[in-house]
Amino acid sequence: MNHHKPILTIFTIGLLSLGTVGLAFGDDDEEREEDERESSGWMDSRTTLAQVVNATYEQECGSCHMAYQPGLLPPQAWAQIMEPAALANHYGDDASLTDELRTEISTFLGANTVNLAQQGNPYAQNPANSTAGQGLPRITETPDFKRKHDEIPARLIQDNPEVGSLSQCNACHRQAAEGDYNERQINIPGHGPWND
Ligand code: HEC
Ligand code: HEC
């Protein structure tokens with residue numbers, strides 16, 4: 001793994017200057033330790049991700065889809081997504097930013113996820129969750145995510161005008177913006193709660 005791109009320097013600076021930007025996991029230590037022991041990592045229903053607290057990020061990255069919590073992808077993945085060339089061809093869209101905005105957002109995303117990895121987030125550290133080499137990384141293509149969503153029929157996703165794709169987390173997870181993906185908060189448009 002060789003990710004020594006300049007952007008990582010920005011992340012490091014961000015980490016140093018933002019040092020204390022919150023823990024991505026809520027609640028108490030005991031709960032976190034329990035999560036670490038389980039392979040499902042952040043996908044566990046007891047895990048609540050930290051809310052997005054950066055207004056610039058929310059504004060620039062939350063208009064076409066929700067502003068995904070930094071903890072949803074490892075830092076290398078955010079670094080890849082935030083490359084200028086990648087932003088210009090962002091999953092088929094143009095999400096280009098000025099250098100100033102890009103640096104601010106990169107710092108925010110990197111600082112949080114590096115912090116998260118250091119806290120022992122099993123998701124960020126699991127190599128099986130790496131999507132490198134398959135185009136831009138996706139939350140929705142990681143093994144943990146797929147396992148949790150493989151029973152939902154297409155008619156409730158792609159063929160559902162109120163959802164469109166699994167990338168629209170908040171269409172079904174009504175508390176997604178609060179970092180709460182608990183099954184009890186699921187309400188799929190045209191279907192309702194999920195009882196499997
Ligand atoms: C102009 C609209 C637009 C903007 C602005 C935008 N995105 Fe996206 N983004 C998209 C589209 C379209 C997709 C693909 C969604 C799909 O497949 O349904 C996407 C997908 C993603 C994904 C992958 C989601 C998945 O499927 O797992 C990530 C991560 C992401 N965007 C991050 C960002 C970040 C970070 C920013 C801000 C720098 C940003 N986006 C700004 C349109 C946008
Ligand atoms: C079409 C609706 C839909 C969309 C869109 C969707 N999910 Fe889900 N999600 C579900 C359902 C249904 C489950 C429960 C699956 C099960 O338990 O069988 C689930 C489960 C989860 C879980 C595990 C929760 C638990 O209690 O175990 C997490 C975490 C999660 N989703 C995150 C996300 C994220 C992040 C996104 C966006 C990138 C997303 N989901 C998009 C429907 C959706």
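Both counts, for ligands and for their atoms, begin at 1 and track the order of listing. Source: prediction; values computed, not measured.
Backbone and side-chain nitrogen or oxygen atoms of Glu151 are examined, and none is located within less than 3.5 angstrom of a nitrogen or oxygen of ligand 2. Residue contacts with ligand 1: Tyr57 is placed with no nitrogen or oxygen under 3.5 Å of a nitrogen or oxygen of the ligand (distance criterion only). Annotation: Glu183 places an N or O atom under 3.5 Å from an N or O atom of ligand 2; distance criterion only. Polar contact check, Ile139 against ligand 1: a nitrogen or oxygen pair lies under 3.5 Å apart.
The pair Asp144-Arg147 meets the salt-bridge criterion, with a side-chain N (NZ, NE, NH1 or NH2) lying under 4.0 Å from an Asp/Glu carboxylate O.
Within the 4.0 Å heavy-atom shell around ligand 1 one does not find Gln168.
Residue Asn160 does not touch ligand 2, judged by heavy-atom distances below 4.0 Å. Contacts between Tyr181 and ligand 2 below 4.0 angstrom, taking non-hydrogen atoms only, involve backbone and side chain alike. Under 4.0 angstrom from ligand 1, there are no non-hydrogen atoms of Leu136. Within the 4.0 Å heavy-atom criterion, the part of Met82 lying near ligand 1 is the side chain and not the backbone.
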Residues 186-195, side-chain donor-acceptor partners within the protein, below 3.5 Å, at least two apart:
none

Sequence neighbours left out, cut at 3.5 Å: what donor-acceptor pairs do the side chains of residues 57-68 make with other protein atoms?
{"residue": "Tyr57", "atom": "OH", "partner": "Tyr68", "partner atom": "N", "Å": "3.3"}
{"residue": "Tyr57", "atom": "OH", "partner": "Tyr68", "partner atom": "O", "Å": "2.7"}
{"residue": "Tyr68", "atom": "OH", "partner": "Ser167", "partner atom": "O", "Å": "2.8"}

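When each atom of ligand 1 is checked for a heavy atom of Arg138 under 4.0 Å away, the hits are 14 (C), 16 (C), 17 (O), 25 (C), 26 (O), 27 (O). Residue Leu87 approaches ligand 1 through these ligand atoms, each under 4.0 Å from one of its heavy atoms: 38 (C). Against a heavy-atom cut-off of under 4.0 Å, Ile186 is close to the following atoms of ligand 2: 9 (N), 10 (C), 11 (C), 12 (C), 13 (C), 14 (C), 19 (C).
Nearest protein neighbour of atom 5 (C) of ligand 1, counting heavy atoms only, is Glu60 O, 3.5 Å. Among protein heavy atoms, atom 24 (C) of ligand 1 sits closest to Tyr68 OH, 3.6 Å. The shortest contact between atom 18 (O) of ligand 1 and any protein heavy atom is with Ser165 OG, 2.6 Å. Ranking protein heavy atoms by distance to atom 25 (C) of ligand 1, first place goes to Thr140 OG1, 3.3 Å.
The CZ atom of Arg174 sits 15.0 Å away from atom CG of Asn182, with the distance rounded to the nearest 0.5 Å. To the nearest 0.5 Å, the span separating CG on Asp180 from NE2 on His173 amounts to 9.5 Å. Between Gln175 atom CD and Arg184 atom CZ the span is 11.5 Å, to the nearest 0.5 Å.
Under the 3.5 Å distance criterion, with hydrogens and angles disregarded, a donor-acceptor pair is assigned to the side chains of Asp94 and Ser96.
Judged by distance alone, with hydrogens and angles left aside, the side-chain atoms of Arg155 form no donor-acceptor pair with the main-chain N or O of Asn160 at under 3.5 Å. Asp93 places no side-chain N or O within 3.5 Å of a backbone atom of Ala95 that could act as its donor or acceptor partner.
Of all heavy-atom pairs spanning Pro70 and Trp78, the tightest one is O-NE1, 2.8 Å.
In this structure, the side chains of Phe108 and Thr103 stay at 4.5 Å or more apart for every pair of heavy atoms. Ile152 places a side-chain heavy atom less than 4.5 Å from the side chain of His149. In this structure the side chain of Ile105 reaches within 4.5 angstrom of the side chain of Leu97, judged on heavy atoms.
Around atom 8 (Fe) of ligand 1, the protein contributes the following N, O or S atoms at distances under 2.8 Å: His65 NE2, His90 NE2.
Among the backbone and side-chain atoms of Cys169, none of the N, O or S atoms lies under 2.8 Å from atom 8 (Fe) of ligand 2. Distance check for His149 against atom 8 (Fe) of ligand 2: an N/O/S atom falls below 2.8 Å.
Comparing Lys148, Arg147, His173 by heavy-atom distance to atom 31 (N) of ligand 2, the nearest is His173.
Among residues two or more places apart in sequence or in another chain, the side chain to side chain donor-acceptor pair (under 3.5 Å) test is passed with Gln168 by none.
Of the options Asn54, Asp99, Thr98, a side chain to side chain contact (heavy atoms under 4.5 Å, CB included) to Glu104 is made by Asn54 and by none of the others.
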